[in-house]
> 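Would you mind keeping the following structure in view while I ask a few things?
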Amino acid sequence: MNKAISTTQAVEMIPDGASLMIGGFMGVGSPRRIIEELVRQGRKHLTVIANDSARPDVAIGKLIDAKAVDRLIASHIGTNPETQRQMIAGELKVDLCPQGSLAERIRSGGAGLGGALTPTGFGTVAAEGKTVIQVDGKDFLLEKPLTADFALLGARRADYRGNLDYSLTARNFNPIMALAGKIVIAEPNEIVPVGVIPPDVVITPHVLVDYMIERRQTNGR
Amino acid sequence: MNKAISTTQAVEMIPDGASLMIGGFMGVGSPRRIIEELVRQGRKHLTVIANDSARPDVAIGKLIDAKAVDRLIASHIGTNPETQRQMIAGELKVDLCPQGSLAERIRSGGAGLGGALTPTGFGTVAAEGKTVIQVDGKDFLLEKPLTADFALLGARRADYRGNLDYSLTARNFNPIMALAGKIVIAEPNEIVPVGVIPPDVVITPHVLVDYMIERRQTNGR
Amino acid sequence: MEDKILIAKRVAQELNSGDLVNLGIGLPTLVASYLPKDTDVYFQSENGIIGMSAVPGAGLEDDDLTDAGGIFIGALPGACSLDSCMSFSLIRGGHLDLTVLGGLQVDEKGALANWMVPGKMVPGMGGGMDLTTGAKRVIVAMTHAAKGASKIVKTCTLPLTSVRRVNLVVTDLAVIEPTEEGLVLKETAPGITVDQVIAATEAKLIIPAQVPEMNIA
Amino acid sequence: MEDKILIAKRVAQELNSGDLVNLGIGLPTLVASYLPKDTDVYFQSENGIIGMSAVPGAGLEDDDLTDAGGIFIGALPGACSLDSCMSFSLIRGGHLDLTVLGGLQVDEKGALANWMVPGKMVPGMGGGMDLTTGAKRVIVAMTHAAKGASKIVKTCTLPLTSVRRVNLVVTDLAVIEPTEEGLVLKETAPGITVDQVIAATEAKLIIPAQVPEMNIA
């Protein structure tokens, strides 16, 4: 099966109001072409689960600029004043979650676990409303699993079948979101023949990837 | 720092009664030279945490043959009749745990989590004595974290600094045990210069590896 | 046709192109040999690979490439290696389309017992509990009876593998679908009558008006 | 010497060869520039790399290689990439030897507040709560006071980052060690007297018989 589609086709699958996990960290490793197409097609009322909202006009920041997001679940918004402005104005609901807990919540959702038991945040405002579970006398917060309608990933390479690898710090949340999206769309920088990414080097197995964005073709120009 | 030591030195660090996580699956990916040296030095009363006990005279099976193990935490012992014999005779205590739960327990121990919440085993004898935790109306077993005094890993390659990669199905439990052993000793098939294993290909970061078994030297013979 | 081959051939019809499939040790392993033409499935071995194949030939065996039973296998182009956490994240997280497992008993609720006979056989559950709990579809492939006793029972007397209702049971006598209402007889084996299946089954079966015969080449 | 540089130089003395170290954004980042000779530490950036270095030169920047602030970095030989779960497994699992973080307040119990000023600044905690909770050692690097108000307080009035007692506080006036008994004044900055530190500190300080001066080159 050929999983390659255009950004237009990819975004046409995503309805207003959808929940999206978007890989990347301050824009590094984010699926930029998909994000731009979401803005171009005027998608609205999205829930976005991501580490951060980057900066204005950068990656997820473009969705914030376009007022496409109703709710953001993230660990950090300090680098995007527009996110903070919309939050304070009541236009955007923001749920803040410690970064390591956010990662484990996504992994739990994708791995069929009931959540993560973490010591992080215990005794702080991050614990508000959360269940505390004692294990052998130590206190842990129950951080509930997260899943989303779509996971939108940036990747270095995909092979024809959809196996993915990543480059350096562009890996970040992408591999765990690949587990937790009902429909997973990858935006690789390159698409390569099967076998170019050896079995031990594949980070995200092709069975998790439903679609991938076709290469830009330059025909040598 | 040079982390390379001989198998003799490695095993001299491990006292009688120590708890050992041992990587491998039916012997595939197990640190065979360390295991043989544990037997040679006559180590006793060990607790072993591993997926299985392989077969008699194979990998962990050699520790069972030598009656070196007092307690085994594993998912499967069906392939080793000697393990079953010692268990029935009361010479060896065996705790059986579903394979996916065992993997998550080890990861939890290594990642500072309070345990794993899994649906696996709910309503079966595997749930006996375990806490059931409801999350949004669904039942999960609390599977407690595991750690060990030592993690003994098989690996394909280590670089001089101790970064590891693995080969095909020899990966199995090794990378997660690398997180959960207080002292981690790797037995790589090869030791290669720093840089031979590129950053995106490293599976186990060198900071987790305390020692590695020196190469066998043949000097061309 | 040998019973095991009949069962394997019938189960193989349940596999769809693109599926991620895990086959248990023993009888289920045979299923791979009877895949319908042009059915391109991906086999996972839970010890850590997607894309396993039969060992490609003598001299090509690799100490680092076996199935969960420790038997040499091969790998197809596009295969990928998994650590044990990732392997079971796929299984438990609902990413595995189908698992085919052997069985000791299946009961009227569709619960499976297949890992232990108290006092006799305590091999451990291995990955079976995770597979039964987490796979999108669970098919039990087993003989209908053992030593004269039906393995399709009212209530499992052996320790359960999971409380989850399995999706299909394929035996040498019948194809049975556990549903909320009970066990529905979907097909009979070639030459076997509905009455013969009923007679060989301890559990109550729901019998539809039409029960076709398995379509096995 | 500029206050920030004084603090960075003093903190740098706490790093030992072989340590895995995470430096927070801002002042803590400066620490990397003042490592003692022959101290070979490994810097982790929690967005996913061990072995980060300064960007190696103009034209060598890589869109896929930045620190947690999104600033271009480089990577040393032997570096390795981590996904976010692995990165925080190292942090939360006690594999990180040291984190150096900025602070808004530290109190007599050694608790740190550094992520939020209600009604003013809500940037989110990022990785700070995990770092403070999980690192083997936590060093707070901050100015002793802000706008005339002591940042070493009786009880934090700002929301806590973690209930964990931090290991050391290094300011432009002093080195302070939170202990079970309270805050112990370990060193004073060059030219600063013990009385000056006491006067500039809201919290009660335990004053040993000898309080040496920081040894800063």
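Computed from a prediction, not measured in an experiment: that's the story for all the values here. Order of the sequence lines sets the chain letters (A, B, ...), proteins ahead of strands, with each chain counted from 1.
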> With chain D, which of A:G123, A:G100, A:A170 has the greatest number of heavy-atom pairs at distances under 4.5 Å?
A:G100
> Using a plain distance cut of 3.5 Å, could you tabulate donor-acceptor pairs between chain D and chain A?
residue: D:D64; atom: O; partner: A:T169; partner atom: N; Å: 3.0
residue: D:D64; atom: O; partner: A:T169; partner atom: OG1; Å: 3.0
residue: D:D64; atom: OD2; partner: A:S167; partner atom: OG; Å: 3.4
residue: D:T66; atom: N; partner: A:T169; partner atom: OG1; Å: 3.1
residue: D:S84; atom: N; partner: A:N172; partner atom: O; Å: 3.1
residue: D:S84; atom: OG; partner: A:N172; partner atom: O; Å: 3.4
residue: D:S84; atom: OG; partner: A:F173; partner atom: N; Å: 3.4
residue: D:R92; atom: NH2; partner: A:G100; partner atom: O; Å: 3.2
residue: D:P123; atom: O; partner: A:I77; partner atom: N; Å: 2.6
residue: D:P123; atom: O; partner: A:G78; partner atom: N; Å: 3.1
residue: D:M125; atom: N; partner: A:S75; partner atom: O; Å: 3.3
residue: D:G126; atom: N; partner: A:S75; partner atom: O; Å: 2.7
residue: D:G126; atom: O; partner: A:Q99; partner atom: N; Å: 2.9
residue: D:D130; atom: OD1; partner: A:T120; partner atom: OG1; Å: 2.7
residue: D:D130; atom: OD2; partner: A:G100; partner atom: N; Å: 2.8

> Using side-chain contact (heavy atoms from CB on, under 4.5 Å) as the criterion, list what pairs up with A:P81, not counting sequence neighbours.
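Applying side-chain contact (heavy atoms from CB on, under 4.5 Å) to A:P81 gives A:P56.
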> Please state whether the side chain, the backbone, both or neither of D:A75 comes within less than 4.5 Å of a heavy atom of chain A.
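Interface part for D:A75: neither.
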> With chain A as the partner, which of D:G128, D:A68, D:G48, D:G70 has the greatest number of non-hydrogen pairs under 4.5 Å?
D:A68
> Given heavy-atom pairs under 4.5 angstrom as the criterion, report whether the side chain, backbone, both or neither of D:L82 touches chain A.
backbone
> Just give me the residue among A:V58, A:I77, A:I203, A:L168 that pairs up with chain D most often, heavy atom to heavy atom, under 4.5 Å.
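Highest number of pairs under 4.5 Å: A:L168.
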> What residue in D:L65, D:I73, D:I49 has the most heavy-atom pairs under 4.5 Å with chain A?
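Among D:L65, D:I73, D:I49, the one with the most close pairs to chain A is D:L65.
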> If you look at every heavy atom in A:L96 and D:G124, which pair is closest and at what distance?
CD1-CA, 3.6 Å
> Show the nearest heavy-atom pair for residues D:M129 and A:P98, with the distance to one decimal.
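Distance-wise, the nearest heavy atoms are SD-CG, 3.8 Å.
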> Using a cut-off of under 4.5 Å for heavy-atom pairs, which of A:A127, A:G27, A:A126, A:P119 has the most such pairs with chain D?
A:P119
> Between A:G121, A:P175, A:G154, A:A103, who has the most heavy-atom pairs with chain D when the cutoff is under 4.5 Å?
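Option with the greatest count: A:A103.
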